[in-house]
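Residue numbers begin at 1 in each chain, while the letters A, B, ... track the order of the sequences. All values derive from a computational prediction rather than experimental measurement.
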2 protein chains.
Amino acid sequence: MPDWERRLTEAGYRVTMPRRAVMEALVAAEVPLQPHEIRERAQTRHRRLGLVTVYRTLALLMELGLVRRVHREDGCHGYLLTAPGHRHALICQCCARAIEFAGGDDISALIQRVETQTGYRVEEHLLQLFGQCPSCQAATE
Amino acid sequence: MPDWERRLTEAGYRVTMPRRAVMEALVAAEVPLQPHEIRERAQTRHRRLGLVTVYRTLALLMELGLVRRVHREDGCHGYLLTAPGHRHALICQCCARAIEFAGGDDISALIQRVETQTGYRVEEHLLQLFGQCPSCQAATE
DNA sequence: CTCACTGCAAAGAATTTGCACTGAA
DNA sequence: TTCAGTGCAAATTCTTTGCAGTGAG
């Protein structure tokens with residue numbers, strides 16, 4: 001039994017076919033998926049899957065911290081499986097492949113500097129990097 | 001003649017009442033505004049202002065770099081006047097007042113670390129901080 | 001006087017809600 | 001068996017487009 005099924009069960013939710021299909025699509029994806037993309041991919045497993053169910057499932061998975069919503073520069077958003085312990089996304093502008101990386105001392109230092117400079121108390125941060133992944137760099141050069 | 005009017009003119013665009021009204025609303029605002037909020041505020045200057053024109057004006061102002069779109073944690077976005085030379089927004093979770101701050105060596109260091117760790121080449125970054133501004137901190141304590 | 005710009009209406013996305021049916025526990 | 005979960009249709013919300021009229025330069 002995968003960990004995410006245990007998390008669902010323990011929180012009092014049921015493990016259903018649509019939820020399995022959505023999770024499998026997200027696990028298989030290396031890129032942040034938009035709801036309609038998730039639906040298309042998940043339908044190979046569960047034909048009748050409705051877009052509404054995708055939205056509801058995503059809301060549930062986010063609530064449980066299994067999935068994160070990432071922003072794109074154009075304002076759209078995609079959904080990405082949460083890598084445990086990691087918080088930030090790095091997205092390839094060329095192929096959309098995304099990986100996550102951990103925040104380290106450098107982010108803490110930055111936050112501390114900004115707090116000192118502004119007088120604000122910083123509680124959350126949203127950091128995403130955009131660039132080119134190794135294989136797209138190789139393809140370009 | 002304000003600088004933004006010069007920028008418009010030099011780029012071959014016209015300075016019109018609706019554009020003035022939108023800019024004034026943004027200048028007066030200390031918080032990121034959503035399109036409908038901009039419209040409501042700008043209508044004190046220009047009654048007939050349509051939401052469509054707000055969208056078109058914002059697109060133009062973004063193209064000229066006068067305005068930035070900022071993301072909120074809930075996925076909505078607001079528009080904020082660009083502070084010259086600054087790139088990142090710090091938004092109060094309590095009153096929504098926003099200020100911008102400059103990226104410094106700390107961000108460069110972070111990006112360099114991530115590039116080394118991942119092999120990606122980083123070209124853009126999206127950084128926003130959320131917290132409490134000084135006056136909201138004072139009100140809470 | 002011209003043509004960029006505007007407002008309206010209407011189309012098109014993206015997301016949410018209402019409700020009767022279905023299937024996981 | 002029972003109620004959480006689902007799918008459909010339809011409602012909302014957000015944003016863009018088409019087009020005839022208006023006003024900035």
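Here the options are B:V54, B:T57, B:I38, the test is side-chain contact (heavy atoms from CB on, under 4.5 Å), and the partner is B:Y79; only B:I38 passes.
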Filtered N/O pairs between nucleotides 15-17 of chain C and protein, under 3.5 Å:
| from | atom 1 | to | atom 2 | distance (Å) |
| --- | --- | --- | --- | --- |
| C:dT15 | OP1 | A:H77 | NE2 | 2.9 |
| C:dT15 | OP2 | A:Y55 | OH | 2.6 |
| C:dT15 | O5' | A:Y55 | OH | 3.4 |

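Under the 4.5 Å side-chain criterion, counting only non-hydrogen atoms from C-beta, B:M17 is not in contact with B:L49.
The distance from atom CD of A:E5 to atom P of C:dA24 is 12 Å, rounded to the nearest whole Å.
Side-chain N/O atoms of A:H46 include one lying less than 4.0 angstrom from OP1 or OP2 on D:dG7. For the pair A:T16 and D:dT6, the criterion of a side-chain N or O lying under 4.0 Å from OP1 or OP2 is met. Between B:R19 and D:dA24, a side-chain N or O to OP1/OP2 separation shorter than 4.0 Å is absent. For the pair B:R14 and C:dC3, the criterion of a side-chain N or O lying under 4.0 Å from OP1 or OP2 is not met.
At its two ends the helix from C:dC1-D:dG25 to C:dA25-D:dT1 runs along axes set 40° apart, each axis drawn from five pairs and the angle rounded to 10°.
Classification of B:R121 and B:E115 as a salt-bridged pair fails, no side-chain N sitting under 4.0 Å from a carboxylate O.
Side chains of A:E63 and A:Y13: a donor-acceptor N/O pair is present below 3.5 angstrom, by distance only.
In terms of position on DNA chain D, the residue among A:L49 and B:Y13 whose nearest nucleotide sits closer to the 5' end is A:L49.
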